There are 2 protein chains.
Amino acid sequence: MPDFHVTVDLVVLTIRDGDGPHRADRVASRLARPLAGRLAALLVRRGIDPYAGQLALPGGYVLPHEELADAAYRELREETGLGGAVHLEQLASYGAPGRDPRGPTVTVAFLALAPMLGSVVGGSDAAAAEWTPVDEIPWQGLAFDHAQILCDGIERARAKLEYSSLGAAFCPPEFTIGQLRAVYEAVWGYPLDPRNFHRKVSSAQGFLEPVGRTSTVDGGRPAQLFRRGQVQALHPPLTRGSDTLSGSPAG
Amino acid sequence: MPDFHVTVDLVVLTIRDGDGPHRADRVASRLARPLAGRLAALLVRRGIDPYAGQLALPGGYVLPHEELADAAYRELREETGLGGAVHLEQLASYGAPGRDPRGPTVTVAFLALAPMLGSVVGGSDAAAAEWTPVDEIPWQGLAFDHAQILCDGIERARAKLEYSSLGAAFCPPEFTIGQLRAVYEAVWGYPLDPRNFHRKVSSAQGFLEPVGRTSTVDGGRPAQLFRRGQVQALHPPLTRGSDTLSGSPAG
DNA sequence: ACAAAAGTGTTGCTTTTACACCCATGC
DNA sequence: GCATGGGTGTAAAAGCAACACTTTTGT
């Protein structure tokens, strides 16, 4: 019974302000308004030896007698200062021979979704932590097999938004449907019809829980505030499939 | 950097002949014809010490310098004699402290789907391997945290049949749409409308590939044979959602 | 007044469901 | 003939994309 090192690695995603790019494959021929946010991943600059100086996912060794998810939470706090208000779920495990020069190592990757706010501080063995928009990730320069893991994490997030209420994990505790739509648009990389989106999510039973009213968030009129509801799964899904694109044209 | 033992465990599922039970939550008030098969999982009787004599998932230690998926394939062959004609995918990892009395152990669980045929032989440290219908699984008596893993595996299989072509992994290389429908009915535990099912899967582009004709399989007329197609994902999904139930009434 | 976002109504199209019906075979 | 399963047609219902339109704020 040979032994392995066991680590956790974190794909931490959030939505940041700023015009996101459209995904070329989705908005080919249609006029499209600019997106209100962009999907970004958290990368740290490695301070110690294997791949020192290169960008990597935050992560670290699992302690014996520590639950895997606890280790993921701990690393998240240690390396990024992000609190407990994040969604965390297991992604997959990676154990290719030679993936870590220090010896046989299995890493359990986790996917974490952080609300839109939040500055990040580096700590322990990470010299710096920074949000990188997904279209600017230096895929070639990532340490270990972290390009693969990050890629899997982003794809998981994109897929799960379709049939779960996960999108709300990117929002502050109370949010408007407009903010939630911005999340979906940023993650999927193309605009959605505000009116149909509104109808869809507000008619899905248990998906959203109304709480109050806010004044103008962004120049518009006050809007209903919501909390995420109890329902995790979503039937029917939110169609990122066909040509659900649209939205009012830019000009 | 503490060390862990790393194992793989396999949730191996197949469809076996015989009337399957209906799931109470799905067929409440409606008359329903009997199902043509039932979902079964592979369990082994442990021969060696931790939990000796109890039922467990097939699995074993990962060798250093061995890819996780390779270890899963190896254990599948060693313990069950099942060949390479199975679908195999990673399920999740489990590392709760104390889950293995021999010390800190992380197990990477895999989901394997075996075609309907196939007798099973025991080997190495498994005294016997046997197919157990999922509604007869002795959940309380399983070793380690294998009840949890098995439960997760079954739920994964049920969910994935909806939006992928995974159902065909339960079929022999060439099969009829009727056989494929029997798979879906066995996994989900309730009958589907044969005519709508036929239309749905045969109209899904790339899902099935026609190959030839067979004579009567089961008293009916000859039917078109199919191979699984290239398409993995399925849009739109196959609705196990609402009340897609039905089928001709029993009497 | 104007822009910008929230939210509602409506219309035409596609998908889904439920079921009638015919076809081919074995007994 | 009759049962069994394969396969097609079809009409009602539901879901969805697209877009017109009203409301309510800030500038």
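Here is how names work: the chains are called A, B, and so on, in the same order as the sequence lines, proteins then strands, and each is numbered from 1. Note that the coordinates shown come from a computational prediction; the quantities given were computed from them, not determined experimentally.
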Exercise. With the threshold set at 4.0 Å, does a side-chain nitrogen-carboxylate oxygen contact exist between Arg38(B) and Glu185(B)?
Worked result: no
For this session: Check whether any side-chain N or O of Lys200(A) sits under 4.0 Å from OP1 or OP2 of dA17(D), and answer yes or no.
Result: yes
Exercise. Among side-chain atoms of Gln148(A) and His146(A), is any donor-acceptor pair under 3.5 angstrom?
Worked result: no
Problem set entry | Donor-acceptor under 3.5 Å (Gln90(A) side chain, Ser93(B) main chain) | yes
For this session: Spell out protein contact along nucleotides 7-12 of chain C as letters: B when the base is contacted, S when just the sugar-phosphate is, - when no protein heavy atom is under 4.0 Å; keep the 5' to 3' order.
Result: BBBB--
Exercise. Taking the inter-plane angle between the rings of Trp188(B) and Tyr190(B) on a 0 to 90° scale, is it parallel (under 30°), tilted (30 to 60°) or perpendicular (over 60°)?
Worked result: parallel
For this session: Quickly work out the Asp193(A) CG to dA5(C) P distance and round it to whole Å.
Result: 14 Å
Exercise. Tell me: CG of Leu180(B) to C1' of dG5(D), nearest whole Å?
Worked result: 15 Å
Problem set entry | Phe175(B) CZ - dG6(D) P separation (whole Å) | 13 Å
Exercise. Counting N and O atoms only, with roles assigned by atom type, does the side chain of Arg158(B) sit under 3.5 Å from a partner on the main chain of Val187(B), one being a donor and the other an acceptor?
Worked result: yes
Problem set entry | Euclidean distance, atom CZ of residue Phe197(B) to atom P of dG6(D) [Å, nearest integer] | 11 Å
Exercise. Any donor-acceptor pair under 3.5 Å linking the side chain of Gln179(A) with the backbone of Thr176(A)?
Worked result: yes
Problem set entry | Leu192(B) CG - dG5(D) C1' separation (whole Å) | 16 Å
